[in-house]
Amino acid sequence: MKTPDIVLDTNVIVAALRSKKGASNRLLSLVGTGKFEIHDSVPLVLEYEDVLQRYRAELGLCQDDVADFIDSLCSMTHHHKIYLLWRPVLPDANDELVLELAVTARCQYIVTHNIRDFKASDKFGINSITPREFLRVIGEVKK
């Protein structure tokens, strides 16, 4: 079986840092283990950083913690330049960069907590899936 290729929506990153007990945190702890390949782009990394900076007090992080987290995550991802924009496809313009990356990187999954925001991803052969569902796909969670 081919290792799944994924893009993480920003809400999964925030959820992972909010709670150490949830599926998002478990998924984030598996980045770099070879169970899946994660992909990013400059616009998505900038969004991760922007959102984490906004929520850093709530997450118990300082500015340097956010920078270190982003650097660490980027060291374990495949980086892509986006040349083709598919806009508008999704109801939320902020989600377009996630879909464009998934299309460019030929990912099978967009991992998100907002499944209905990514319904149009199936037109590109990309499944939108929750972190828990993805953990099932890779055999980390039973039923």
Side-chain angles (χ1 to χ4, degrees), residues 1-82 85-122 124-143:
M1 178 170 110
K2 182 184 180 310
T3 304
D5 291 287
I6 69 169
V7 175
L8 291 177
D9 193 4
T10 308
N11 59 46
V12 174
I13 303 282
V14 172
L17 295 175
R18 272 193 178 131
S19 172
K20 296 195 181 333
K21 296 182 181 181
S24 295
N25 188 275
R26 175 70 179 134
L27 179 60
L28 202 59
S29 75
L30 295 171
V31 172
T33 63
K35 293 186 181 274
F36 55 90
E37 298 294 327
I38 187 170
H39 298 264
D40 73 17
S41 64
V42 170
L44 184 58
V45 170
L46 291 174
E47 179 178 301
Y48 289 166
E49 185 175 34
D50 178 58
V51 171
L52 291 178
Q53 288 294 353
R54 277 189 275 142
Y55 288 102
R56 75 173 192 251
E58 175 187 327
L59 297 170
L61 302 173
C62 69
Q63 204 165 2
D64 287 343
D65 293 335
V66 171
D68 290 346
F69 173 81
I70 295 294
D71 288 347
S72 177
L73 183 64
C74 288
S75 74
M76 296 180 276
T77 62
H78 299 278
H79 312 293
H80 298 273
K81 291 182 181 177
I82 308 300
L85 303 181
W86 299 97
R87 300 172 191 208
V89 175
L90 302 174
D92 182 349
N94 292 330
D95 292 330
E96 298 284 357
L97 60 97
V98 174
L99 177 61
E100 290 163 353
L101 171 58
V103 171
T104 297
R106 295 186 175 109
C107 291
Q108 293 84 27
Y109 300 98
I110 292 172
V111 183
T112 181
H113 288 289
N114 298 325
I115 298 295
R116 59 176 182 254
D117 290 350
F118 289 95
K119 283 189 189 249
S121 67
D122 62 349
F124 299 93
I126 300 166
N127 298 305
S128 56
I129 190 169
T130 66
R132 178 162 300 289
E133 291 169 329
F134 185 71
L135 289 171
R136 281 190 199 111
V137 168
I138 63 172
E140 288 293 317
V141 170
K142 307 258 191 273
K143 294 186 181 186

**Student:** Are there more than 12 heavy atoms of other residues, nucleotides or ligands under 6.0 Å from atom CZ of R106?
**Tutor:**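 No - once you tally the heavy atoms of other residues, nucleotides and ligands closer than 6.0 Å, there are 12 at most.
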**Student:** Is there a side-chain contact between T10 and D50 (heavy atoms, below 4.5 Å)?
**Tutor:**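 The answer is no, as the side chains (C-beta and beyond) never meet within the 4.5 Å cut-off.
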**Student:** Supply the atom-to-atom distance E100 CD to D95 CG, rounded to the nearest 0.5 angstrom.
**Tutor:** 11.0 Å
**Student:** Does some side-chain heavy atom of H80 sit less than 4.5 Å from a side-chain heavy atom of L101?
**Tutor:** yes
**Student:** If you compare all heavy atoms of Q108 against all heavy atoms of T3, which two are closest, and at what distance to 0.1 Å?
**Tutor:**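 Looks like OE1-O, 4.3 Å.
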**Student:** Ignoring hydrogens and angles, tell me if any N or O in the side chain of E96 forms a donor-acceptor pair with the backbone of L90 under 3.5 Å.
**Tutor:**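 Checked: pair present.
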**Student:** Between atom SG of C107 and atom CG of N127, what is the distance when rounded to the nearest 0.5 Å?
**Tutor:** 11.5 Å
**Student:** Would you sort out whether L8 and L28 count as a side chain to side chain contact (heavy atoms under 4.5 Å, CB included), showing the intermediate values?
**Tutor:** CA-CA 9 Å; L8 291 177; L28 202 59; 4.1 Å; yes
**Student:** Could you walk me through whether L17 and Y55 pass the side chain to side chain contact (heavy atoms under 4.5 Å, CB included) check?
**Tutor:** CA-CA 10 Å; L17 295 175; Y55 288 102; over 6 Å; no
**Student:** Report yes or no: does S121 contribute a side-chain atom to a donor-acceptor pair with the main-chain N or O of I126 at less than 3.5 Å?
**Tutor:** yes
**Student:** Would you compute the distance between atom CG of L52 and atom CD of E47 and round it to the nearest 0.5 angstrom?
**Tutor:** 10.0 Å
**Student:** Taking side chain as C-beta onward, heavy atoms only, is I115 less than 4.5 Å from T112?
**Tutor:** yes
**Student:** Decide yes or no for V45 and C74: does some side-chain heavy atom of the first lie under 4.5 Å from some side-chain heavy atom of the second?
**Tutor:**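 In contact.
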**Student:** Report yes if some heavy atom in the side chain of L73 is under 4.5 Å from a heavy atom in the side chain of I13; otherwise report no.
**Tutor:**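 Side-chain contact under 4.5 Å: yes.
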**Student:** Would you say the side-chain atoms of N11 pair up with the backbone N or O of H113, donor to acceptor, closer than 3.5 Å?
**Tutor:**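 Side chain of N11 to backbone of H113, a donor-acceptor pair under 3.5 Å: yes, one is there.
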**Student:** Nearest heavy-atom pair of K81 and T104: which atoms, and what distance?
**Tutor:** O-CG2, 3.7 Å
**Student:** Rounded to the nearest 0.5 Å, how far apart are CD1 of I110 and NE2 of H39?
**Tutor:** 12.0 Å
**Student:** R56 vs L59, test: side chain to side chain contact (heavy atoms under 4.5 Å, CB included). Steps then yes/no.
**Tutor:** CA-CA 5 Å; R56 75 173 192 251; L59 297 170; 5.6 Å; no
**Student:** Looking at NE2 of H78 and CG of D5, how far apart are the two atoms once the value is rounded to the nearest 0.5 Å?
**Tutor:**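 Rounded to the nearest 0.5 Å, the NE2-CG separation comes to 6.5 Å.
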**Student:** Is a side-chain N or O of D65 found less than 3.5 angstrom from the main chain of C62, in a donor-acceptor match?
**Tutor:**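 Yes.
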**Student:** Restricting to non-hydrogen atoms, name the atom on D40 and the atom on H79 that form the minimum distance, rounded to 0.1 Å.
**Tutor:**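 The answer is OD1-ND1, 2.7 Å.
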**Student:** Shortest non-hydrogen contact from M76 to G32?
**Tutor:**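 The answer is SD-CA, 4.0 Å.
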**Student:** Any donor-acceptor pair under 3.5 Å linking the side chain of S29 with the backbone of R26?
**Tutor:**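 Yes; judged by distance alone, with no hydrogens or angles, the pair exists.
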**Student:** Walk me through whether D117 and D9 qualify under side chain to side chain contact (heavy atoms under 4.5 Å, CB included).
**Tutor:** CA-CA 11 Å; D117 290 350; D9 193 4; over 6 Å; no
**Student:** Between F134 and F36, does the ring centroid distance fall short of 6.0 Å?
**Tutor:** yes
**Student:** Which atom pair, heavy atoms only, marks the closest approach of L30 to E140?
**Tutor:** CD1-CG, 3.5 Å
**Student:** What pairs with R18 under side chain to side chain donor-acceptor pair (under 3.5 Å), at least two apart in sequence or on another chain?
**Tutor:** E58
**Student:** Under a 3.5 Å threshold, yes or no: a donor from one side chain and an acceptor from the other, between S19 and N25?
**Tutor:** no
